[in-house]
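Inspection log for the structure reproduced underneath, given as structure tokens.
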Amino acid sequence: MPSRRRFLAGTAVALGVTGAATACESATTPDTDALPQAPVVPAAQSPANGLNFVVILADDLGYGELGAYGQKLIRTPHLDALAAEGLRFTDAYAAAPVCAPSRCSLFTGLHSGHATVRENPWGPGGQAALTDRDFTFAEALRARGYRTALVGKWGFGPEEPNQPSHPNARGFDEFYGYISHRHAHDYYPPYLWRNAEREEIPENEDGARRAYAPDLLEARALDFMDAHKDEAFLLCLTPTLPHAPSRAPEMGAYGSRPWPRPDKLHAAQVSKFDALVGNVTKRLESLGIADRTVVIVTSDNGPHEEGRTDPGLFAASGGLRGIKRNLYEGGIRVPLIAWSPKRVRSGVTDRPTPLTDLLPTLAELAGAPAPADVDGLSIAPLLRGGADAVARHDHLYFYRNHSGRTPGSDAIDRWRGRRLAEALRRGDMKAVRFAPGQDRNVPDDQWEVELYDLARDPGERDDIASKRPGEADALVRLMRASWADQYERKPFGVSLDVVSRGDGFVVTATLANGSAKPWTGAGLELRVPGGWSVQALGSVSADFVAAGGRVTGRWTVTPTVEGGWLSCVGTARHAGAPVRYAATAHTSSAA
């Protein structure tokens with residue numbers, strides 16, 4: 001029986017790679033012996049008068065580091081204005097207290113008990129990359145015809161093109177910035193990536209510091225909005241501010257403060273982030289598209305203390321217990337602001353809102369289907385003003401398994417910073433528990449469990465687990481139920497299966513409707529290099545595809561040369577609007 005290679009993609013552009021990446025920190029240059037670049041399959045036609053979306057993700061910005069959230073020492077006038085004009089969330093949550101798992105969950109809508117990436121690259125498990133089974137909110141919107149870009153820190157390696165964890169393979173038409181986690185720690189990098197190409201920065205050669213990366217990222221983001229102002233677009237802007245090291249071109253107003261140098265520079269970084277957000281919103285207004293653009297600003301976890309930065313000086317956690325790496329509120333509760341002059345109501349909401357809600361929310365607002373098996377819930381009705389109609393989570397789950405620790409975070413954890421930990425919030429009750437080591441499978445009676453009433457004790461000072469053991473046990477059972485060693489996903493989008501047979505191939509393609517609503521007018525189209533012959537083996541279309549259903553097509557393909565790219569495009573209508581997915585495969589990988 002011939003062996004088979006299956007190529008999966010839920011996006012309209014895929015890089016033809018043959019396996020999931022598992023390493024993040026390689027700094028190698030592209031492999032010249034790798035397969036040639038996969039063909040880019042155009043997205044669906046841009047929706048007329050579609051909403052634009054700008055998602056701005058800060059790096060290690062604490063809950064209390066904005067004036068709108070109580071900050072007294074650092075000035076953030078632009079973000080404070082957005083919070084006053086838009087919707088400010090008081091109970092928003094990153095999915096994890098460190099970067100990579102938090103960002104994976106944000107992009108894919110899966111909490112850290114289900115997501116592909118559940119630890120930082122140097123965590124005990126080592127998983128540091130998205131795979132071709134992951135589906136991001138960029139893929140959802142691109143299928144609907146959006147022009148998509150990620151500018152800034154991606155944070156999932158390996159640091160090379162043509163692999164399934166690359167931003168271009170996960171739904172972003174355009175990428176400029178850092179691929180890997182460690183590379184993003186350099187504010188004056190000698191190079192950044194532009195799509196699949198490594199782009200040198202001569203100003204920073206030989207350790208020079210003349211080109212500040214956040215300025216380069218801001219310029220590229222503004223250029224993207226200028227270029228696509230007449231289209232529906234998604235811009236995901238992810239500068240590294242205010243992550244360590246504390247570096248900024250100047251200290252500005254903080255230079256004369258009686259603080260240690262790292263704190264002055266950290267304050268300057270936060271204000272730099274604020275200015276960046278202000279420049280983005282000003283450009284939207286000058287282009288005349290602010291009224292049809294939704295801006296979302298948030299952070300990937302709590303404030304850091306690396307490089308001798310003191311989060312206590314700034315009350316960076318907003319009076320909450322914990323910082324980055326802790327599963328207490330200060331490590332995972334983050335600022336979240338949604339703003340649009342005509343599309344988002346102004347006010348404040350205390351709905352517990354995890355960042356996993358972004359994928360279904362953006363999809364609903366864009367009129368795009370979303371996978372039905374994500375953990376996030378759409379808050380589109382809340383943004384529009386229908387607070388009573390928005391769905392609420394039964395509980396929120398969090399996971400931490402991280403080898404690194406800092407003195408402050410470890411002290412807050414009572415010296416358990418290297419032990420695996422979980423947390424779960426249900427209503428106002430929250431449980432935090434620590435394993436004896438880094439093995440999640442030890443019996444429950446070996447864990448240390450704490451219970452807090454956030455309504456009465458938002459600072460998590462009074463552990464009431466011994467007083468209310470029944471409630472603590474109930475939340476532990478939910479923790480167990482929230483975890484899956486391997487979370488099985490429902491098929492979504494297009495998959496390709498290529499099998500060698502004689503002097504040609506048999507190609508099987510499937511368009512899977514993994515959403516919660518039916519599709520109509522579905523069909524598959526196989527594209528091959530010029531001169532190759534193709535013969536369909538039966539129908540490749542369907543008038544109706546139920547939720548969870550699929551359309552399958554088969555073809556025989558006879559090539560004229562050895563090796564070449566196949567592309568399959570699947571189209572359908574979701575709620576009357578066209579959607580388009582694609583997958584690519586290189587026939588040299590078939591057997």
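Just so you know, residue 1 is the first one in the sequence shown, and it goes up from there. None of these values were measured; they are calculated from a predicted model.
Remark: the Asp80 side chain and the Thr76 side chain contain an N/O donor-acceptor pair separated by less than 3.5 Å. For the residue pair Asp375 / Thr356, no side-chain donor-acceptor distance below 3.5 Å is found, with atom types taken as modelled.
Pairing each heavy atom of Ala268 with each of Ala248, the nearest pair is CB-CB, 4.0 Å. In plain terms, the two heavy atoms of Gly50 and Arg292 that are nearest each other are O-NH1, 3.5 Å. Scanning all heavy atoms of the two residues, the minimum distance from Ala184 to Thr240 falls at O-CG2, 3.2 Å. Pro242 and Tyr187 make their closest contact through C-OH, 3.8 Å (heavy atoms, listed as atom of the first residue, atom of the second, distance). Here the closest heavy-atom approach between residue Pro352 and residue Arg392 is recorded as CD-NH2, 3.3 Å. Scanning all heavy atoms of the two residues, the minimum distance from Phe156 to Cys104 falls at CZ-N, 3.4 Å.
With hydrogens and angles disregarded, no donor-acceptor distance shorter than 3.5 Å links the side chain of Ser482 to the backbone of Gly113. In this structure, the side chain of Gln438 does not engage the main chain of Leu420 through any donor-acceptor pair within 3.5 Å. Looking at Tyr452, its side chain never comes within 3.5 Å of a backbone N or O of Gly459 through a donor-acceptor pair. The closest donor-acceptor contact from the side chain of Asp291 to the backbone of Pro341 lies at 3.5 Å or more, if one exists at all. Not one N or O on the side chain of Ser409 forms a donor-acceptor pair closer than 3.5 Å with the backbone of Asn326. In this structure, the side chain of Thr309 engages the main chain of Glu306 through a donor-acceptor pair within 3.5 Å. When atom types are taken as modelled, the side chain of Thr148 and the backbone of Arg142 share no donor-acceptor pair closer than 3.5 angstrom. With hydrogens and angles ignored, the 3.5 Å screen pairs no side-chain donor or acceptor of Thr298 with any backbone N or O of Leu57. Panel note: side chain Gln163, backbone Ser165; a donor-acceptor pair is recorded below 3.5 Å. Judged by distance alone, the side chain of Asp357 and the main-chain N or O of Leu377 form a donor-acceptor pair under 3.5 Å.
Applying the salt bridge (charged side-chain N to carboxylate O under 4.0 Å, His left out) test to every pair with at least one member in residues 59-73, sequence neighbours left out, gives these pairs: Asp59-Arg103, Asp59-Lys153, Asp60-Lys324. Under the salt bridge (charged side-chain N to carboxylate O under 4.0 Å, His left out) criterion, the residue pairs touching residues 274-289 are Asp226-Arg283, with sequence neighbours excluded.
Residue Phe137 forms a ring-ring contact (aromatic ring centres under 6.0 Å, His included) with just one option from Phe53, Tyr146, Phe107, and that option is Phe107. A salt bridge (Lys or Arg N to Asp or Glu O under 4.0 Å) with Asp413 is found for one member of Arg405, Arg325, Arg400 and no other, namely Arg400. Remark: of the listed residues Leu87, Thr353, Leu358, Thr353 is the sole one forming a side-chain contact (heavy atoms from CB on, under 4.5 Å) with Leu336.
Taking the six-membered ring where tryptophan is involved, the planes of Tyr178 and His183 are perpendicular, since the angle between them exceeds 60° and thus also 30°. Using cut-offs of 30° and 60° for the angle between ring planes, the Tyr254 and Trp259 rings count as parallel. Using the six-membered ring where Trp is involved, Phe314 and His266 have ring planes that are tilted, between 30° and 60° apart.
Phe224 does not carry Arg147 over the face of its six-membered ring by the limits of under 6.0 Å from the centre and within 45° of the normal. In this structure, Arg118 is not positioned above the aromatic face of Tyr399 in the sense of NZ or CZ being under 6.0 Å from the six-membered ring centre and within 45° of the axis. Remark: Arg416 qualifies as a cation-pi partner of Phe434 under the 6.0 Å distance and 45° angle criteria applied to the six-membered ring.
The neighbour count for Arg257 CZ, taken as heavy atoms of other residues, nucleotides or ligands under 6.0 Å away, is above 12. Enclosure of atom CZ in Arg308 is not indicated, since only 12 or fewer non-hydrogen atoms of other residues, nucleotides or ligands lie within 6.0 angstrom.
In this structure the side chain of Tyr69 never reaches within 4.5 angstrom of the side chain of Leu79, judged on heavy atoms. For the pair His181 and His185, the minimum side-chain heavy-atom distance is below 4.5 Å. Residues Pro164 and Arg170 form a side-chain contact, since some pair of their non-hydrogen atoms from C-beta on lies under 4.5 Å apart. Using a 4.5 Å heavy-atom threshold, the side chains of Cys99 and Asp300 count as touching. Counting heavy atoms from C-beta outward, Ile337 and Leu66 have side chains that approach closer than 4.5 Å. Side-chain contact between Thr361 and Ile296: absent, with no pair of heavy atoms (C-beta onward) separated by less than 4.5 Å. Side-chain contact between Leu235 and His228 is absent, with no heavy-atom pair separated by less than 4.5 Å. Looking at Asn120 and Pro101, their side chains come closer than 4.5 Å, going by heavy atoms from C-beta outward.
Distance check: His304 NE2 to Ser246 OG gives 5.0 Å after rounding to the nearest 0.5 Å. Atom CZ of Phe172 and atom CG of Leu234 lie 6.0 Å apart (nearest 0.5 Å). Between the CH2 atom of Trp193 and the CZ atom of Arg198 there is a distance of 7.0 Å, given to the nearest 0.5 Å. Note that CG of Leu237 and CD of Glu218 are 8.0 Å apart. Values are rounded to the nearest 0.5 Å. Distance check: Glu174 CD to Cys236 SG gives 13.5 Å after rounding to the nearest 0.5 Å.
Between Arg418 and Asp410 no salt bridge is recorded (no basic side-chain N to carboxylate O distance below 4.0 Å). Asp91 and Arg351 are not joined by a salt bridge, as no carboxylate oxygen comes within less than 4.0 angstrom of a charged side-chain nitrogen. Salt bridge Arg321/Glu329: absent, no basic N to carboxylate O contact under 4.0 Å.
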- Take Thr349 and Ile379 through the side chain to side chain contact (heavy atoms under 4.5 Å, CB included) test and state the conclusion after the steps. CA-CA 11 Å; Thr349 176; Ile379 58 169; over 6 Å; no
